Participant: 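Here it is, the structure in full.
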Amino acid sequence: MALTLGPLRRGPSDPTFRTTPDGSIWRATRTPDGPGTLRVRTAPGGGIEAEAWGPGAEWLRETLPALLGAEDDPTAFVPRHKLLLATHRRRPGLRLTRTGLVLESLIPSILEQKVTTHEAYGAWRVLVRKYGEPAPGPAPEGMFAMPDARTWTQIPSWEWHRANVDGKRSATIVRAARVAARLEEAAQMDGPAARTRLELIPGIGPWTSAETIQRSNGAADEVTTGDLHLPGIVGWALAGDRTADDATMLALLEPYAGQRHRAARLILLSGRVPPRRAPRMTPGDITAL
């Protein structure tokens, strides 16, 4: 369950996601019916126990199977490299989540454009805590459901600045939030059609659309392109080529057509990454400007 839901967590202090010592995973989200809180945990007998609260509770219960990967088909993946075969065997419970919610994954993906994850996670944390709603029900302290689409469009420019979000990313979020209803329709489309819908918004390109629908649609084949690190990681893992670009990465993943995102995810889970040769990217900070 942790492997399946892990991609929904945006950093260790994400106010919409929490893991508690009893093994429960708590998720605060904004459903089509309003904010809701979901708690899931593995039952003693091996099944899943779930509770939900708030206006979105019924929607969360109805979509729980898809969230936990019931619509995913891990048997469609056939490992063709020793590394992937070994990782696949070590991670037999991995399924791809499908939230059915586009904006929820799109906004933090926009925040992650061309900045460090530290910067993006911090901005998400600040904005959700300031403009979101406290998670309904007995959620752990400090949990919030993200703001609704209208609220995202009304955040003042200086508050984006204080959250360390530049004008380009904030403008993209506002444009997306203004047509949120049309973007949410992409959750019911196939991968290519969903990406096309999202990329109609200026500022949303292939990297952002892939990162979004991997979560909202459970898209097993939508591999992320345009990433600073992923091509080199895939190239190193499958061919010993740390200088691989997007074209090389896609060629290496071609044997996994239909399951390329799962293959890339398993490579990341394998821990096989090329040795670092340069310092980490220095986080930026515009809040004091």
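These numbers come from a predicted model, not from an experiment.
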Participant: Hey, are the side chains of Ile233 and Asp227 touching, using non-hydrogen atoms and a 4.5 Å cut-off?
Facilitator: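 They are not in side-chain contact.
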Participant: What orientation do Phe77 and Tyr256 show, parallel under 30°, tilted 30 to 60°, or perpendicular over 60°?
Facilitator: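 Ring orientation, 0 to 90° scale: parallel.
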Participant: Does the side chain of Thr153 come under 3.5 Å of the side chain of Arg178 through a donor N or O and an acceptor N or O?
Facilitator: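 Per modelled atom types, Thr153 and Arg178 side chains form no pair under 3.5 Å.
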Participant: When you measure from the side chain of Arg18 to the backbone of Pro140, do you find a donor-acceptor pair of N or O atoms at a distance under 3.5 Å?
Facilitator: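 Not a single qualifying donor-acceptor pair exists.
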Participant: Does a side chain donor of either Thr20 or Asp22 reach within less than 3.5 Å of an acceptor in the other side chain?
Facilitator: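 Judged by distance alone, the side chains do pair up.
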Participant: Would you mind reporting whether Pro32 and Leu101 have side-chain heavy atoms less than 4.5 Å apart?
Facilitator: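 Leu101 reaches Pro32 side chain to side chain.
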Participant: Heavy atoms only: give me the nearest Ser216-Ser105 pair and the separation to one decimal.
Facilitator: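 Minimum heavy-atom separation between Ser216 and Ser105: N-OG, 4.4 Å.
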Participant: Can a donor-acceptor pair be found, under 3.5 Å and without considering hydrogens, that links the side chain of Gln259 to the backbone of Ala220?
Facilitator: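 Checking the backbone N and O of Ala220 against the side chain of Gln259, no donor-acceptor pair under 3.5 Å is found.
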Participant: For the salt bridge (charged side-chain N to carboxylate O under 4.0 Å, His left out) test, which of Arg98, Arg265, Arg262, Arg95 pairs with Asp72?
Facilitator: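 The residue from Arg98, Arg265, Arg262, Arg95 that satisfies salt bridge (charged side-chain N to carboxylate O under 4.0 Å, His left out) with Asp72 turns out to be Arg262.
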Participant: Short question: side chain of Arg9, backbone of Asp14 - any donor-acceptor pair under 3.5 Å?
Facilitator: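 Pair absent, no side-chain N/O of Arg9 close to backbone of Asp14.
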Participant: Would you call Val115 and Arg169 a side-chain contact if the rule is heavy atoms closer than 4.5 Å?
Facilitator: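 When only atoms from C-beta onward are counted, Arg169 and Val115 do touch, with a gap below 4.5 Å.
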Participant: Test your reading of the model: is there a side-chain donor-acceptor pair from Trp236 to the backbone of Arg272, 3.5 Å cut-off?
Facilitator: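 Flag not set: sc Trp236 to bb Arg272 has no pair under 3.5 Å.
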Participant: Knowing that exactly one of Ile173, Thr208, Leu106 qualifies, which makes a side chain to side chain contact (heavy atoms under 4.5 Å, CB included) with Leu111?
Facilitator: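 One option only clears the test, and that one is Ile173.
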Participant: Less than 4.5 Å apart, side chain to side chain, heavy atoms only: is that true for Glu222 and Pro206?
Facilitator: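 No, side chains not in contact.
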Participant: Is it true that a side-chain atom of Thr37 and a backbone atom of Ala28 form a donor plus acceptor pair closer than 3.5 Å?
Facilitator: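 Checking the backbone N and O of Ala28 against the side chain of Thr37, no donor-acceptor pair under 3.5 Å is found.
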Participant: Would you give the length of the straight line joining atom CD1 of Ile110 to atom OG of Ser170, rounded to the nearest 0.5 angstrom?
Facilitator: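 It is 10.0 Å, given to the nearest 0.5 Å.
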Participant: Quick check: does any side chain N or O of Asp33 sit under 3.5 Å from a backbone N or O of Pro55, one acting as donor and the other as acceptor?
Facilitator: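 Looks like no, no N/O pair under 3.5 Å.
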Participant: Under a single-linkage definition using a 4.5 Å side-chain heavy-atom cutoff for Ile, Leu, Val, Met, Phe, Trp and Tyr, are Val174 and Leu127 assigned to the same hydrophobic cluster?
Facilitator: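 Yes, because Val174 and Leu127 connect within a single hydrophobic cluster, where side-chain heavy atoms sit under 4.5 Å apart.
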Participant: Glu159 side chain to Pro156 main-chain N or O, any donor-acceptor pair under 3.5 Å?
Facilitator: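 A pair under 3.5 Å: no.
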Participant: Checking Gln113 side chain against Lys168 main chain: does a donor-acceptor pair fall under 3.5 Å?
Facilitator: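 Judged by distance alone, no pair lies under 3.5 Å.
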Participant: Ignoring hydrogens and angles, tell me if any N or O in the side chain of Glu211 forms a donor-acceptor pair with the backbone of Thr224 under 3.5 Å.
Facilitator: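 Looks like no, no N/O pair under 3.5 Å.
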Participant: Less than 4.5 Å apart, side chain to side chain, heavy atoms only: is that true for Arg90 and Leu269?
Facilitator: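 Of all side-chain heavy-atom pairs linking Leu269 with Arg90, none is under 4.5 Å.
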Participant: Looking at every non-hydrogen atom in both residues, tell me the closest pair between Gly226 and Asp246 and how far apart they are.
Facilitator: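 Distance-wise, the nearest heavy atoms are N-OD2, 2.9 Å.
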Participant: Would you mind checking if Arg27 and Glu104 are paired as a salt bridge, meaning a charged N to carboxylate O distance below 4.0 Å?
Facilitator: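 Result for this pair is yes, salt bridge flagged.
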Participant: Under the 3.5 angstrom rule, does the side chain of Arg197 hit a backbone N or O of Arg182 as a donor-acceptor pair?
Facilitator: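 Yes: the side chain of Arg197 pairs with the backbone of Arg182.
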Participant: Going through the checks in order, is the side chain to side chain contact (heavy atoms under 4.5 Å, CB included) test met by Thr31 and Thr63?
Facilitator: CA-CA 10 Å; Thr31 77; Thr63 59; over 6 Å; no
